[in-house]
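Excluded from the calculations below are hydrogen atoms, water molecules and symmetry mates; all remaining heavy atoms, backbone and side chain alike, are included.
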Amino acid sequence: MLGASPLAALAEQFERRLPELAFEPGLVAAVDQHSAAIRDAVYTDVREDVSLYEALTDYVLGFTDVLREIGWQAHEGYDFATLRLTAVCHFMREYGVGAGD
């Protein structure tokens with residue numbers, strides 16, 4: 001999606017996985033762990049002049065840059081990257097971060 005914010009593009013691709021959490025307790029635990037790691041990473045960057053949205057966007061840009069460098073491709077399964085990107089969507093829901101804020 002041309003011109004979409006990084007969070008909007010990520011949500012469009014990975015938010016659809018969130019309903020699967022209702023049926024997979026192990027998946028819930030994994031996504032919760034990733035969400036906690038994301039929280040720890042982005043809250044170190046949140047300051048008076050940097051919002052949670054901006055810190056999360058920076059995090060996503062850095063993470064997806066690395067994925068692009070290694071040639072990672074999105075797929076239906078759940079590897080580390082897919083769990084982390086799904087957790088970003090979960091984090092956005094839990095902390096009220098809009099995809100286009």
Side-chain angles (χ1 to χ4, degrees):
M1 180 191 289
L2 190 60
S5 76
L7 296 184
L10 182 122
E12 184 177 309
Q13 187 171 8
F14 290 91
E15 194 171 50
R16 64 180 173 77
R17 293 175 177 259
L18 293 178
E20 296 173 24
L21 300 178
F23 305 104
E24 296 288 336
L27 192 54
V28 171
V31 169
D32 280 347
Q33 286 179 338
H34 281 272
S35 187
I38 292 164
R39 182 196 63 232
D40 292 346
V42 299
Y43 270 106
T44 61
D45 291 335
V46 173
R47 310 180 293 280
E48 189 173 311
D49 61 329
V50 177
S51 70
L52 180 56
Y53 174 84
E54 292 168 319
L56 186 59
T57 297
D58 288 346
Y59 176 86
V60 166
L61 287 172
F63 189 76
T64 56
D65 281 349
V66 170
L67 293 178
R68 216 174 348 274
E69 287 174 14
I70 64 171
W72 182 85
Q73 296 287 321
H75 53 84
E76 291 305 312
Y78 281 95
D79 59 1
F80 179 90
T82 304
L83 286 168
R84 186 58 58 111
L85 295 170
T86 302
V88 170
C89 295
H90 181 263
F91 180 93
M92 289 168 62
R93 240 185 223 180
E94 291 295 309
Y95 290 88
V97 178
D101 285 350

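The shortest heavy-atom contact between V50 and A55 is CG1-N, 4.0 Å. Of all heavy-atom pairs spanning M92 and A99, the tightest one is CE-CA, 3.7 Å. Annotation for S35 and A87: closest pair N-CB, 3.7 Å, computed over non-hydrogen atoms.
Going from atom CG of L67 over to atom CZ of R84 covers 10.5 Å, rounded to the nearest 0.5 Å. Once rounded to the nearest 0.5 Å, the distance linking CH2 of W72 with CZ of F80 reads 11.5 Å. A distance of 9.0 Å separates OG1 of T57 from CG of L52, quoted to the nearest 0.5 Å. Here the CD atom belonging to E54 is positioned 11.0 Å from the CG atom belonging to L7, to the nearest 0.5 angstrom. Rounding to the nearest 0.5 angstrom, the gap separating the CZ atom in F63 from the CD1 atom in I38 is 8.0 Å. In this structure, CD in Q13 is found 9.5 Å from OG1 in T86, a value given to the nearest 0.5 Å.
A heavy-atom distance below 4.5 Å is found between the side chains of T82 and F14. Inter-residue side-chain proximity for H34 and H90 is flagged as unmet; no heavy-atom pair is nearer than 4.5 Å. A 4.5 Å side-chain heavy-atom check between Y59 and F91 finds every atom pair outside the cut-off. Side-chain contact check for V42 versus D58: every heavy-atom pair is 4.5 Å or farther apart.
Put simply, V46 and Y95 are part of the same group of oily side chains (I, L, V, M, F, W, Y) that touch within less than 4.5 Å, one to the next. In the hydrophobic clustering of ILVMFWY residues, with side-chain heavy atoms under 4.5 Å counting as a link, L56 and Y43 come out together.
Its side chain within the 4.5 Å cluster rule, L83 clusters with L18, L21, L27, V28, V31, Y78 among the Ile, Leu, Val, Met, Phe, Trp and Tyr residues.
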